Amino acid sequence: MLDLKLLRENPDAARAGALKKRMPDRAAAVDAVLKLDAELRALLPTLDGMRSELKSGSKEIGKMAPAEREAFLARQKERKAEMGGLEQREKALRAELEKQLALIPNIPDSEVPEGKDDSENKETKRWGTVRTFGFTPRPHYEIGEKQGWLDFERASKMAGSRNYFLFGDLALLHDAVLRYAVDLLVGRGFTPVDPPLLVRDSAMFGTGFFPGGEEQTYRAERDELNLIGTAEVPVTSLHAGEILPEDQLPKKYVARSACFRREAGTYGKDTRGLYRVHQFQKVEQVVIDIADTARSIEHHHAIVKNAEDMLQAFELPYRIVAVCGGDLGVPQAFKYDIETWMPSRNAYGETHSASRFYDYQARRLELRYRPKDGSKAMVCHTLNNTVVASPRILIPLVENHQQQDGTVRVPAVLQPYLGGRAVLGKPIY
RNA sequence: GGAGAGGUGGCAGAGUGGCUGAUUGUACCGGUUUCGAAAACCGGAGUGGGGCAACCCAUCGGGGGUUCGAAUCCCCCCCUCUCCGCCA
């Protein structure tokens with residue numbers, strides 16, 4: 001949510017920001033807010049004055065003589081009747097204002113590239129050399145099914161499409177990758193978290209997924225809870241409604257969780273293999289800190305580096321893109337995606353997403369801190385990034401490290417998590 | 001699922017119809033004292049909104065109601081805790 005004061009001062013920035021994000025209907029919410037705000041502010045002095053009169057009148061009533069008292073009571077009733085309609089109007093204005101304000105997207109940073117969709121994201125970095133195979137490399141689903149590591153057919157029979165079973169060495173690798181990711185971040189001072197997977201609407205709203213993301217979310221209707229699509233939701237909401245002492249900041253969390261996504265509207269897209277699935281495991285980093293743009297940017301680079309270090313340790317070629325306006329979500333001010341080389345796609349595929357929000361999420365969550373000097377509570381800044389999402393990361397791991405005989409080489413850092421093994425699977429080709 | 005207790009300012013904890021927007025403690029900020037600190041003492045200070053300001057309005061889990069007047073009374077909802085039941 002944007003700061004209403006800043007919005008009043010500079011509505012053009014909010015409008016232009018929404019348009020840069022290719023959200024014209026949400027840009028319209030800016031004008032709706034300004035109109036509602038103006039009406040509310042015109043109404044308030046009158047209404048407050050009436051309330052003041054009524055209130056002070058009530059205080060004097062005890063001292064009055066019975067005779068004048070009766071007349072005064074009648075006058076008070078009149079005042080209250082006059083006020084009734086205005087109070088209804090005030091309530092309606094406030095409700096609508098809040099609703100419209102919540103629709104206005106965060107303003108993208110000026111460095112966010114212009115563009116309509118992911119095809120216009122701007123590459124900012126490339127690491128590693130794409131491997132030249134001395135044989136015809138196979139896609140992960142082919143190796144996986146032949147090794148007995150994957151079963152999509154039976155999974156979809158009981159759970160529908162975009163579901164999977166992992167077995168054997170691939171199941172072990174899946175877990176190894178997740179544990180490595182947690183350990184890496186814990187080693188860098190992050191607090192490990194195991195969060196709730198079912199959350200209330202308030203957490204979905206506070207992190208900016210609602211309104212708008214309902215179609216992508218599995219909902220437990222009977223209990224009015226939502227399955228999270230990312231641990232960002234419960235972890236960023238962890239301190240919602242709190243005022244944290246500044247000396248407790250920054251808060252850095254690394255959460256491992258299952259994630260659930262309906263993937264509505266993606267029918268026919270990425271249907272083969274482990275790329276786009278309804279349920280996966282993710283290790284996510286979340287940072288909460290003071291309201292300081294420079295520090296947010298520093299954190300942003302640091303959490304990107306954490307992910308890069310992991311990919312480098314996995315010996316996987318990747319590139320980083322600055323996500324363009326049209327591909328940016330409602331709450332983000334700036335986002336880097338990290339894309340890892342996937343031979344079966346003959347392309348880089350998104351494996352990480354690192355966002356900074358400044359105070360947009362925190363304001364919706366009422367997540368604040370008390371500055372060291374004891375002054376007024378300030379709204380925090382929040383950020384997050386993937387450390388690793390699996391099984392998607394298994395695609396580049398299996399495909400880039402496959403050997404001619406169908407076995408898979410294990411990067412050195414993962415071997416301790418696999419009982420010291422350097423190779424997974426049996427020769428099958 | 002059944003029964004009970006409770007939700008008040010950063011935290012703890014008073015307050016059952018009218019100078020209570022809220023006693024007090026603690027944490028916090030400023031000062032006195034000190035070589036410095038602690039302690040002690042004095043002062044400040046909840047949150048949001050409006051106004052140049054004096055000041056005004058809202059806010060005691062949320063919503064509705066009674067009343068001239070509600071943190072206090074009534075109704076609905078939400079949440080937390082305790083006991084019982086069921087259970088990974």
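Worth saying up front: this structure is predicted, and the values here are computed from it rather than measured. Letters go in sequence order (proteins before strands), and every chain restarts at 1.
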In whole angstrom, give me the gap between the [atom1] atoms of [N] and [M].
N      : M      : atom1 : answer
B/rG4  : B/rA88 : C1'   : 27 Å
B/rA70 : B/rU33 : C1'   : 47 Å
B/rU24 : B/rA54 : C1'   : 31 Å
B/rG15 : B/rC19 : C1'   : 16 Å
B/rC77 : B/rG2  : P     : 13 Å
B/rU66 : B/rC73 : C1'   : 8 Å
B/rG6  : B/rC57 : P     : 33 Å
B/rU80 : B/rG61 : C1'   : 10 Å

When you check the gap from the basic side-chain N to the acidic O, do [X] and [Y] get nearer than 4.0 Å?
X      : Y      : result
A/D175 : A/R179 : yes
A/E399 : A/R138 : no
A/R421 : A/D169 : yes

Rounded to whole Å, please give me the gap between [atom1] in [X] and [atom2] in [N].
X      : N      : atom1 : atom2 : value
A/L43  : B/rG51 : CG    : P     : 14 Å
A/E366 : B/rG46 : CD    : P     : 18 Å
A/E224 : B/rC78 : CD    : P     : 8 Å
A/L97  : B/rG48 : CG    : P     : 17 Å
A/E87  : B/rG64 : CD    : P     : 10 Å
A/D3   : B/rG49 : CG    : P     : 8 Å
A/I243 : B/rG9  : CD1   : P     : 10 Å
A/Y369 : B/rC11 : OH    : P     : 18 Å

Are [X] and [N] close enough that a side-chain N or O sits under 4.0 Å from OP1 or OP2?
X      : N      : value
A/K55  : B/rC56 : no
A/R368 : B/rG48 : yes
A/S52  : B/rC57 : yes
A/K372 : B/rC29 : no

Among [options], which nucleotide has an atom closest to any side-chain atom of [X]?
X      : options                : value
A/K5   : B/rG49, B/rC56, B/rG10 : B/rG49
A/R370 : B/rG49, B/rC79, B/rU47 : B/rU47
A/R41  : B/rG10, B/rC57, B/rG51 : B/rG51

Is the centre of the A/Y336 ring less than 6.0 Å from the centre of the A/H300 ring?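 Ring centres of A/H300 and A/Y336 closer than 6.0 Å.
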Centres of the A/F165 and A/F152 rings: under 6.0 Å?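 They do not qualify: ring centres at least 6.0 Å apart.
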Mapping A/G49 and A/L44 onto RNA chain B by nearest heavy atom, which one lands closer to the 5' end?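 The residue whose closest nucleotide sits nearer the 5' end is A/L44.
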Between A/D48 and A/K80, just flag the one whose closest nucleotide in RNA chain B comes earlier from the 5' side.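 Nearest-nucleotide comparison on RNA chain B picks A/D48.
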Side chains of A/R256 and A/D194: does their closest heavy-atom pair fall under 4.5 Å?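 Counting from C-beta outward, A/R256 and A/D194 never come under 4.5 Å.
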Answer whether the closest heavy-atom distance between the side chains of A/R276 and A/K269 falls below 4.5 Å.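 Answer yes - side chains close enough.
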Can you tell me the base-pairing partner of [N]? Count Watson-Crick or G-U wobble geometry only, both distances below 3.5 Å, and say none if there is no partner.
N      : result
B/rA3  : B/rU82
B/rG46 : B/rU59
B/rU72 : none
B/rA22 : none
B/rC87 : none
B/rA54 : none
B/rU32 : B/rA40

Is the NZ or CZ atom of A/R345 positioned over A/Y275's six-membered ring, under 6.0 angstrom from the centre and within 45° of the axis?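 Satisfied, under 6.0 Å and within 45°.
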Check every strand shown and say whether A/R8 touches a base, only sugar-phosphate, or nothing at a heavy-atom separation below 4.0 Å.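 It contacts sugar-phosphate atoms only.
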Look at all strands and tell whether A/R200 reaches a base, only sugar-phosphate, or nothing, counting heavy atoms closer than 4.0 Å.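 It contacts sugar-phosphate atoms only.
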